[in-house]
Amino acid sequence: MENILEKLAYCVENGKINKTSPYPPNMKDQDGADELAKKALEAGIKPDEILENALIIAMAKVGDKFTRKEIYVPQMLMAAKAMNSAMAHLKPFFQSGETKRKGKFIIGTVSGDLHDIGKNLVAMMIEGGGWEVIDLGVDVGADKFLHALDENPDAIVGLSALLTTTMENMKKIVAAIKEKYSASKILVGGAPVTVEYCKKIGADFYSPDPQGAVNYLKQLAS
Ligand code: B1M
């Protein structure tokens, strides 16, 4: 583990949040994701490189281990906490877009779904792209999206879902939004979502990643 990004990925994968966190016991008093992300930036590694080459790789490994039943929800939660502690250092870089806002973007993870890491990344990158982001959080139903649209009728809407079960709620939310605000543009994403599903539920665009979301908004604004 000579490389700082490898160490960081190891910490996220194993839920080592920071130096003082007691978990996992074999890493007691060692740097965690918090310190290593800071050190990686100080060493001049670019934020998107840290994200792609350490954090996202680590979370993919966590997902694979969970699928193979090698780890369970508590370990997955610790990994998510470690990821968030690293993300806190990257956030200012992703948010430092132009100050003049290009428009508004409402985003939320759909009802029944508590996964927010991917949604937060999309929100951060879009904010960095110069948009005002209204983040409704997780477990967001149609009513809350509609309320946000009532206050910001010109906003573009983004829905994130990580579970095959909650994807169904995406369909209900899109239908409710299109019924009241037929001109609203809706962007969907999240691991189980596909371009076919996007078309099927009547959403306007699917992006597999934050950059695609940023590009879509850029295209709408031009
Ligand atoms: Co959950 N979980 N989880 N989990 N979890 C998955 C999603 C799972 C694939 C793991 C697995 O089985 N391999 C599986 C879903 C299976 C399925 O439905 N097909 C699963 C399960 C089953 C569950 C529970 C049901 C487990 C249980 O309780 N038995 C439970 C459900 C809770 C709920 O939501 N109601 C649960 C709980 C949790 C934790 C709370 C412990 C934790 C979430 C913590 C948090 O988010 N604050 C968690 C985690 C961490 C994961 C994995 C390991 C990692 C998710 C993640 O953050 N990835 C995940 C496995 C995996 O994805 N490999 C898993 C990193 C993140 C950067 O990627 O979110 O995909 P992602 O976002 C990407 C893209 O998808 C895209 O951009 C992002 C960056 O590239 N994107 C968008 C996302 N949203 C977008 C929106 C856009 C555009 C692009 O436009 C609007």
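Each ligand, and each atom within it, is numbered from 1 in the order the structure gives. Keep in mind that the numbers below use all heavy atoms, side chains included, and drop hydrogens, waters and symmetry copies.
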Quick one: do [X] and [Y] make a salt bridge, cutoff under 4.0 Å?
{"X": "Glu13", "Y": "Lys65", "value": "yes"}
{"X": "Lys19", "Y": "Asp34", "value": "no"}
{"X": "Asp31", "Y": "Lys16", "value": "no"}
{"X": "Glu42", "Y": "Lys38", "value": "yes"}

Pocket residues around ligand 1 (non-hydrogen, under 4.0 Å) come out as Met59, Val62, Gly63, Phe66, Thr67, Val73, Met76, Leu77, Ala80, Gly112, Asp113, Leu114, His115, Asp116, Ile117, Gly118, Leu121, Val122, Gly158, Leu159, Ser160, Leu162, Leu163, Thr164, Leu187, Val188, Gly189, Gly190, Ala191, Ser207, Pro208, Asp209, Pro210

Checking Gln211 against Asn215: is there a side-chain donor and acceptor pair closer than 3.5 Å? yes

Taking only residues two or more places apart in sequence or in another chain, which ones pass ring-ring contact (aromatic ring centres under 6.0 Å, His included) with Phe205? Tyr216

